[in-house]
*Asks:* 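Right, I'll just put the structure down here and ask away after.
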Amino acid sequence: MTVPAVDAMPVDETHDPALRSWVASANGHSDFPIQNLPLGIFSVAEDTPRPGVAIGDAILDLAGCADANILPPPFAEICRAPTLNALMALAPADRRRLRAWLSRMLSDAQVGAGAGLASMLHDAAACTMHLPARIGDYTDFYVGIHHANNVGRQFRPDNPLLPNYKYVPIGYHGRASSIRPSGEPLVRPRGQQRVGDAAAPVFGPTERLDYELELAVWIGEGNRLGEPIAIDDAARHIAGLSLFNDWSARDLQAWEYQPLGPFLAKNFHSSVSPWVVTMEALAPFRVAQPPRPEGDPAPLPYLLDPADQARGALAITLEVSIVTAAMRAAGAAPFRLSRGPATNMYWTIAQMVAHHASNGCNLNPGDLLGTGTISAPTRDGFGSLLEISGGGRTPVQLDNGETRSFVEDGDEIVMRAVASAGDYIPIGFGECRAVVTSAPSAIREGSSASP
Ligand code: CA
């Protein structure tokens with residue numbers, strides 16, 4: 001009997017809570033202790049972007065390791081690339097081998113010193129992060145069932161959850177060209193909106209700009225066109241996760257979304273956190289998919305795998321904060337808008353992948369799947385302002401007296417997430433942040449164009 005794909009990334013010595021790094025800032029680091037080792041693309045000054053590993057407050061230069069001939073094959077060649085696509089495409093066994101090598105190099109001071117690793121560390125604060133991969137395709141799902149209920153109730157009061165929801169991991173094809181790394185400002189989009197019961201729409205800046213708290217699922221090894229991915233094999237095709245803010249213009253969305261779904265309300269800018277937390281790193285944080293409510297249908301057989309149901313969900317807590325222009329000027333701490341667990345997903349990430357490829361659609365390394373907004377059942381865990389403010393009827397009150405129904409110019413939205421379980425050292429995702437502006441000149445020239 002073959003090992004289910006979800007179990008091909010077992011907990012091993014790289015997750016040992018006792019493991020410490022000679023990179024001192026890694027020990028006790030809230031995001032990047034040695035148990036994490038996330039992959040990203042970074043650059044220093046004017047140098048070319050290259051793969052790196054976050055360790056504490058530093059970044060280990062993997063291209064530098066390749067040039068110094070200390071990386072074992074086949075990693076040297078793919079670590080000189082300006083994107084992680086080839087690294088993501090590695091088979092899980094190879095990805096584990098790379099992780100084991102990094103873990104040993106960064107934990108054993110003698111081995112690390114012998115390899116001259118200290119000279120390949122950069123202060124993360126002095127580096128620029130880029131998109132981790134060349135994203136060929138981006139698909140956004142809708143697996144946060146409380147979000148689907150909350151939004152459905154606003155758009156269709158009599159019929160919030162359509163009958164297909166509990167059978168189909170609902171999704172749509174999004175736009176890859178406008179996905180940007182964390183930190184890049186976003187320009188308030190303009191578009192058609194119908195105000196109230198007006199007979200005709202108007203065209204102008206969105207007045208209902210919103211964020212959506214999601215996880216980004218990075219596709220690893222792809223599949224050939226016409227060859228579906230089986231549910232018990234789907235975990236093998238996932239390289240890792242990042243945080244994802246699927247910026248949305250609710251007024252544009254309400255007017256345009258029928259009959260074909262989201263279009264210009266969603267494709268103007270999406271922010272992704274630059275560090276890819278690998279599925280190998282997340283092994284200790286795989287948990288059972290919560291049982292479906294009484295009376296819900298079981299997934300169809302092509303989406304049902306006992307191992308995925310037993311270990312296919314994720315013990316990740318996600319949160320969103322806001323820093324308004326006034327808060328920034330006053331030096332105030334970010335105001336937390338919500339916090340909730342990723343187990344509020346009605347479908348697992350493996351089910352998303354298996355469903356996506358079930359018709360033979362080919363996925364490629366570096367493709368990005370958004371989970372859809374992950375909301376908890378209660379307001380303190382809602383993953384969008386549309387939900388928190390009840391469509392603008394109940395604005396959220398910030399500590400400084402400001403209120404928000406939707407995102408305003410100068411606001412910065414900051415997303416964070418931590419995976420934690422039992423005695424394992426928690427690992428974080430870093431930040432996904434972006435400030436909203438109405439000035440197109442705020443976009444940095446040439447930043448993060450597809451490498
Ligand atoms: Ca979305």
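The chain is numbered in sequence order, starting from 1. Whatever order the structure lists them in is the order used to number ligands and atoms, beginning at 1.
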*Asks:* Using distance only, find each side-chain donor-acceptor pair of residues 276-288 under 3.5 Å and give its atom names and separation, not counting sequence neighbours.
*Replies:*
residue	atom	partner	partner atom	Å
Thr278	OG1	Ala281	N	3.0
Glu280	OE1	Arg95	NE	3.4
Glu280	OE2	Arg95	NE	3.0
Glu280	OE2	Arg95	NH2	3.0
Arg286	NE	Arg311	O	3.3
Arg286	NH2	Gly312	O	3.2

*Asks:* Check whether NZ of the Lys or CZ of the Arg Arg292 lies under 6.0 Å from the centre of the six-membered ring of Trp347 and within 45 degrees of that ring's axis.
*Replies:* yes
*Asks:* Please, which pairs that meet salt bridge (charged side-chain N to carboxylate O under 4.0 Å, His left out) have at least one residue in residues 408-422, sequence neighbours excluded?
*Replies:* Asp31-Arg416, Arg188-Asp409, Arg404-Glu408, Arg404-Asp411, Glu412-Arg433, Arg416-Glu431
*Asks:* Out of curiosity, Asp61 CG to Ser43 OG, how far, rounded to the nearest 0.5 Å?
*Replies:* 11.0 Å
*Asks:* Is any protein N, O or S atom closer than 3.0 Å to the Ca ion (ligand 1), and if so, which?
*Replies:* Asp140 OD2, Glu212 OE1, Glu214 OE2, Asp246 OD2
*Asks:* Excluding sequence neighbours, so at least two apart, what forms side chain to side chain donor-acceptor pair (under 3.5 Å) with Asp140?
*Replies:* none
*Asks:* His173 and His356: aromatic ring centres closer than 6.0 Å?
*Replies:* yes
